[in-house]
Number of protein chains: 2
Amino acid sequence: MVVDQLSPAPEKDLELDRLFQALADATRRDIVARVTAGEYSVSGLAALYAMSFAAVQKHVAVLERASLVTKEKRGREQIVRGNHDGLQKARHLLDEFEMIWRQRAARIGDILAEDDERDLP
Amino acid sequence: MVVDQLSPAPEKDLELDRLFQALADATRRDIVARVTAGEYSVSGLAALYAMSFAAVQKHVAVLERASLVTKEKRGREQIVRGNHDGLQKARHLLDEFEMIWRQRAARIGDILAEDDERDLP
DNA sequence: CTGATCTACAACCATTTGGTTGTACGATAC
DNA sequence: GTATCGTACAACCAAATGGTTGTAGATCAG
């Protein structure tokens, strides 16, 4: 019974909480997209948005805690880069949901097939 | 320039905000997994968790607003079912990030290849 | 050295979130 | 009918979020 392998009580998965929480903001998603494609300093990012430097700094911190982004000091700047692992972890969970969904669809298909068999001689 | 096609200012995408926000809670992820695999009434779901009925009711409402779940009245019960579309929308965004990432990796690969060519006669 | 830049972090504020309890109402069971 | 079940919704509360301003420490340019 594959279904019951799912967490019976929702084990508190702080990691996924932070991951999806981090993605639940348009500014942060934009930052992820940008630093995935290239490198930005924190102030370089801050220049892109209509909010204070400190606000962007906080967004980057949220992304960092969620393992979606890494920071590396270079001179007096802090370079922000995309972290592939975090994205893949999120994708992986959604893929699992997708699998459960397909298994369910297949099961429904089987039941219909059984009904057909019963109807046949 | 594929990179610059990305939202210059983060267009406020309420839909994705709600989607990821909804997934940023372990209880709600568990609900999604369960109703994706089968059918549950709201009270049926509430029986699974160590919190009040009203709390679960709110979680279901959040999932419904995020298009991850649908409710349908049946007798005096409200049946909750998984909504495939919402999940696919989230997967789609992460897939886009994945594509950007791969393009970047390919670009870096090209640069290295160019360097190699320059080094050769 | 002086001044400008980039960053970190604290303090504060308004709003949202995740939970509670309590009340009310339609549908079902007896 | 009455009692019970499943639901909806309001009011309330503590904590987290998303933003601000202000202050202070490194690092670089002149």
Item to check | Integer-rounded Å distance: dC5(D) P and I79(B) CD1 | outcome: 17 Å
Checklist entry - How close or far is atom P of dT27(D) from atom CD of E77(A), stated in whole angstroms? => result 13 Å
Next on the checklist: With heavy-atom distances below 4.5 Å as the criterion, would you say the side chains of R74(A) and E39(A) are in contact?
Outcome noted: yes
Item to check | CZ on F20(A) to CD on E15(A), rounded to 0.5 Å | outcome: 11.0 Å
Checklist entry - In whole angstroms, how far is the P atom of dT17(C) from the CG atom of L23(B)? => result 14 Å
Checklist entry - Please give, in whole Å, the distance from dT17(C) C1' to Q21(A) CD? => result 9 Å
Item to check | Rounded distance [0.5 Å steps], OG1 in T36(B) versus CD1 in I31(B) | outcome: 11.0 Å
Next on the checklist: Using a 3.5 Å distance criterion without hydrogens, assess whether the side chain of R28(A) forms a donor-acceptor pair with backbone atoms of Q21(A).
Outcome noted: yes
Item to check | Atom-to-atom span, CG of D17(A) to P of dA16(D) - whole angstrom | outcome: 13 Å
Next on the checklist: Once you apply a heavy-atom cut-off of 4.0 Å, does R74(A) come out as touching a base, just sugar-phosphate, or nothing?
Outcome noted: nothing
Item to check | Distance below 4.0 Å between T27(A) side-chain N/O and dG18(D) OP1 or OP2 | outcome: no
Item to check | Phosphate OP1/OP2 of dA29(D) contacted by R76(A) side-chain N/O (<4.0 Å) | outcome: no
Checklist entry - Does atom CZ of R102(B) have more than 12 heavy-atom neighbours, drawn from other residues, nucleotides or ligands, at distances under 6.0 Å? => result no
Item to check | L48(B) and Y40(B), any side-chain heavy atoms less than 4.5 Å apart | outcome: yes
Checklist outcome for this item: Separation of dC5(D) atom P from L45(B) atom CG, nearest Å, is 19 Å
Checklist entry - CZ of R28(A) versus C1' of dG19(D): gap in Å, rounded? => result 12 Å
Item to check | Earlier contact from the 5' end, DNA chain C, for A50(B) and R65(B) | outcome: R65(B)
Checklist entry - In this structure, which one of L45(B), D30(B), V69(B), T27(B) forms a side-chain contact (heavy atoms from CB on, under 4.5 Å) with H59(B)? => result T27(B)
Next on the checklist: Rounding to an integer number of Å, can you tell me how far K73(B) NZ sits from dC5(D) P?
Outcome noted: 18 Å
Checklist entry - Contacts to DNA chain C from residues 52-62 of chain A, heavy-atom cutoff under 4.0 Å, which residues? => result F53(A), A54(A), Q57(A), K58(A)
